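Working notes for the structure below.
Nothing here was measured: the structure is a model prediction, and the numbers come from that model. Chain letters run A, B, ... following the sequence lines, proteins first, then strands; residues in each count from 1.
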Amino acid sequence: MSTARDFYATPGEPIRPKLAALAKHISSMGGVQSGRGIRKHVYKYGTSMVSDPATSAFVGAFAVRMSGDAVTVGHGTVDDVVPKIDGDPIDGINAEGEQGSIPSLVIEDGPNEQLRSWVCVEVLYDEAKKGIAEDDESLIITHRNDLPVKQEAAATGDPLRIIKPLAMLVWQTDSVVSRVRQITFFDQRVVSDNGTLRLAESA
Amino acid sequence: MVDYAFARRIRSIMNRDALEWSHAWKTSVVWNAERERFEAIIKPGFVNGLDVTARVANDEGEFSDVPLTNYPAIPLASTREVSASVNLFFQSFGVVETSEPTVDQLEQGITEVIEGLPTDETDQRRLVATDLVLQCTRPSTTIDWTVAPFETGSQATFVLGVKQAEQTAKIVPMQEWKPIEASDALSRLEGGIEDSGLDECLVANVFFLSPPGVGIDYPVGADWQAFVRHDLFWNAEHIVSGNVSPAPQPISLNLAGVGAAANAQLIVNQILAGQNDADAAVLQFMQANEIKGRITTPGSAKPADFDMTARLDPPFPYKGRS
């Protein structure tokens with residue numbers, strides 16, 4: 001195998017054979033391009049190709065992502081209905097089925113004393129209709145810093161309001177979120193457990 | 001030109017393994033050389049959307065409950081020998097199940113066989129284990145008798161109350177976890193078996209595999225290999241059902257014949273009929289009033305089929321709890 005020294009001419013040495021050897025070496029190497037999923041690292045003494053096979057990474061429903069001071073929530077449903085942020089469905093698809101911009105929820109409140117807060121889905125359940133009430137406030141994404149200890153205690157004054165945490169925000173300080181921890185991974189259904197309504201994973 | 005050519009010379013091609021999705025409760029076990037012990041670090045899982053804690057000591061030896069989202073290092077100190085029902089995965093490493101004492105051993109006067117000591121020690125390995133358990137607290141039912149059932153034989157009275165407890169969840173390392181056994185309704189009503197107010201489920205078994213040919217007294221140390229078999233893969237919900245109202249209720253219930261042994265002096269059929277009615281009344285009462293808890297997750301309770309000689313955990317989609 002050739003080394004770099006093979007192509008340098010020392011003083012007094014004919015340069016043509018060196019150049020010919022170098023040209024032959026370059027032509028024999030050909031060009032190497034990196035494709036999708038292949039990373040090409042070029043260093044002084046050579047090139048490394050790194051292949052990252054596609055992973056079976058699982059994302060799931062309601063994937064919460066934080067960017068700046070706002071969160072977006074990936075596609076997910078409650079009783080087959082997509083929740084909204086400020087009146088817009090979280091997946092950005094409007095009533096006509098057209099893809100619009102993905103809405104984001106600005107995190108205005110800080111964390112609790114333990115530096116934790118939650119991104120939640122809140123449902124206003126119409127018991128007479130046995131379904132989600134039909135208005136823009138009946139199925140929404142909210143930010144809370146006082147999650148009820150018990151799922152059954154999720155009723156907040158209104159017995160038909162059901163709250164399910166989607167992700168926990170772990171704060172570094174009162175104003176800086178350090179991590180997002182996903183809690184819910186599946187579409188949800190309203191179920192009754194001994195007369196108490198709650199959200200559970202869709203079967 | 002030479003530098004250009006050499007920089008583009010292929011020196012290596014690496015194919016990185018695809019990473020599996022890291023599920024909640026995924027446990028890593030590391031050797032802490034300073035404290036000379038294995039410690040578990042658990043990827044945070046949640047119960048009812050809340051942090052789960054683990055009790056750990058700080059450098060000053062003071063214990064506190066640290067949320068899993070702060071990644072506490074949970075010491076794994078107490079282990080048990082695994083000598084029966086050895087997982088196929090570990091059998092492929094040379095761990096064998098303990099055999100019964102042989103006739104020769106018995107004839108030689110050996111009366112004790114130490115569990116976990118293989119019959120042939122040359123290349124065999126020891127396996128010890130410990131368990132990580134999710135423990136959830138909840139309110140529990142209390143029963144204070146005013147007139148006990150067997151004092152009068154009928155119309156017993158008692159006060160039904162609730163022992164309040166905050167609903168919390170924590171990770172507890174145990175030498176060997178066994179599910180809390182359900183007691184019969186009558187025993188619970190009689191107060192003979194007190195409701196612990198705890199619901200538990202196994203998070204993971206942690207196994208330690210010894211170097212080959214070590215004795216039974218060889219301690220777990222840095223030269224042992226740690227393996228984890230998970231049993232919980234999804235964030236959980238702790239659902240408590242029953243009347244958790246703190247107001248005590250005086251109750252009167254006809255318990256004549258409940259659980260009583262057949263009295264030979266009376267007609268057996270008559271007793272059995274009465275006993276069955278009373279037993280049914282107890283069962284019905286307890287089912288209606290007792291506080292119960294269960295830990296559930298998404299997913300099917302049945303794990304996907306997999307090669308148990310090749311891996312300890314089932315593959316994705318992970319199993320759940322109903």
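Other residues, nucleotides and ligands contribute at most 12 non-hydrogen atoms within 6.0 Å of the CZ atom of A:Arg65. In B:Lys170, the NZ atom is not crowded: 12 or fewer heavy atoms of neighbouring residues, nucleotides or ligands sit closer than 6.0 Å. Annotation for A:Asp86: atom CG does not count as buried by contact number, only 12 or fewer foreign heavy atoms lying within 6.0 Å. For CD of A:Glu113, the number of neighbouring non-hydrogen atoms (other residues, nucleotides, ligands) closer than 6.0 Å is 12 at most. B:Asp307 CG: more than 12 foreign heavy atoms inside a 6.0 Å radius.
Between B:Trp234 and A:Phe58, the angle of the ring planes goes over 60°, which puts this pair in the perpendicular group of the 30/60° scheme.
Legend: residues meeting side chain to side chain donor-acceptor pair (under 3.5 Å) with A:Thr10, ordered by chain and number and at least two apart, are A:Glu13.
In this structure, the ring of A:Trp118 has its center no less than 6.0 angstrom from the ring center of B:Phe46.
Pairing each heavy atom of B:Gly49 with each of A:Pro165, the nearest pair is CA-CG, 3.6 Å.
The distance from atom NZ of A:Lys164 to atom CD of B:Glu237, rounded to the nearest 0.5 Å, is 3.5 Å.
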Check: Could you go step by step and tell me if B:Thr69 and A:Arg116 meet the side-chain contact (heavy atoms from CB on, under 4.5 Å) rule?
Finding: CA-CA 10 Å; B:Thr69 45; A:Arg116 302 287 188 273; 2.7 Å; yes
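Annotation: residues 172-184 of chain A contacts chain B through A:Arg179, A:Arg181, A:Gln182, A:Ile183 [non-hydrogen atoms, separation under 4.5 Å].
Only the side chain of B:Pro67 comes within contact range of chain A, judged by heavy atoms closer than 4.5 Å.
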